Amino acid sequence: FNGVVVDTFGDVAVDGTGQTWEYMDGWAYRQNDSTPSSAFQIGEWTFSGRNAVDGCTTGDTCGSSFPFKSFGVGTEPSTACTCSHE
């Protein structure tokens, strides 16, 4: 957006490995009723944890369902996804 930070996830100066907000092979979701911000606030995010989607081939068969195209103020996340892991 013309050089303006709209939202920040994590610390841009930190790799993220071993951090509370690490989501390798998983997902992170901005909680509903939170507001995008240029300052990362960990309490405004939900995480699957590391390796949560290892072995998943579709969203419907994965043990870690993730919210899909659902962020919004006052909305409930949808976990309906026919995504495939390629």
Side-chain angles (χ1 to χ4, degrees):
F1 277 25
N2 298 320
V4 176
V5 176
V6 176
D7 202 0
T8 301
F9 178 81
D11 181 338
V12 296
V14 176
D15 170 280
T17 303
Q19 300 297 314
T20 306
W21 41 271
E22 180 180 6
Y23 65 96
M24 182 180 85
D25 295 337
W27 51 267
Y29 175 77
R30 176 175 272 294
Q31 295 178 6
N32 292 325
D33 294 323
S34 65
T35 305
S37 171
S38 61
F40 179 58
Q41 301 294 322
I42 196 165
E44 295 181 352
W45 296 85
T46 299
F47 308 93
S48 64
R50 288 189 60 178
N51 304 315
V53 297
D54 281 356
C56 297
T57 56
T58 70
D60 293 334
T61 61
C62 189
S64 180
S65 298
F66 54 94
F68 183 68
K69 292 185 178 181
S70 62
F71 174 75
V73 176
T75 62
E76 290 298 319
S78 167
T79 56
C81 175
T82 55
C83 313
S84 64
H85 177 59
E86 299 176 28

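Since the model is a prediction, treat every value here as computed from it, not as a measurement.
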For T17, which residues count as a side-chain hydrogen bond (donor to acceptor under 3.5 Å, both in side chains) partner, sequence neighbours excluded?
D15
Considering all heavy atoms of both residues, which atom of T35 and which atom of E44 are nearest to each other, and what is their separation?
O-OE1, 3.6 Å
What class does the angle between the rings of F47 and F9 fall in, given that below 30° is parallel, 30 to 60° is tilted and above 60° is perpendicular?
tilted
State which residues pass side-chain hydrogen bond (donor to acceptor under 3.5 Å, both in side chains) with T46; sequence neighbours excluded, sorted by chain then number.
Q31
Note: G10 and F40 closest approach over all heavy atoms is N-CD1, 3.1 Å
Taking side-chain hydrogen bond (donor to acceptor under 3.5 Å, both in side chains) as the definition, give me every residue that meets it alongside N51, ordered by chain and number, with sequence neighbours left out.
none
Say whether I42 and V14 are linked into one hydrophobic cluster, either directly or through other cluster members, by side-chain heavy-atom distances under 4.5 angstrom.
yes
Quick one: does any side-chain atom of S48 pair with a main-chain N or O of G26 as donor and acceptor, under 3.5 Å?
no
By the salt bridge (Lys or Arg N to Asp or Glu O under 4.0 Å) test, which pairs, at least two apart or in different chains, include something from residues 2-13?
D7-R30
Qualifying residues under side-chain hydrogen bond (donor to acceptor under 3.5 Å, both in side chains), relative to E22, sequence neighbours excluded
R50
Could you tell me if the side chain of V53 sits less than 4.5 Å from the side chain of Y23, heavy atoms only?
no
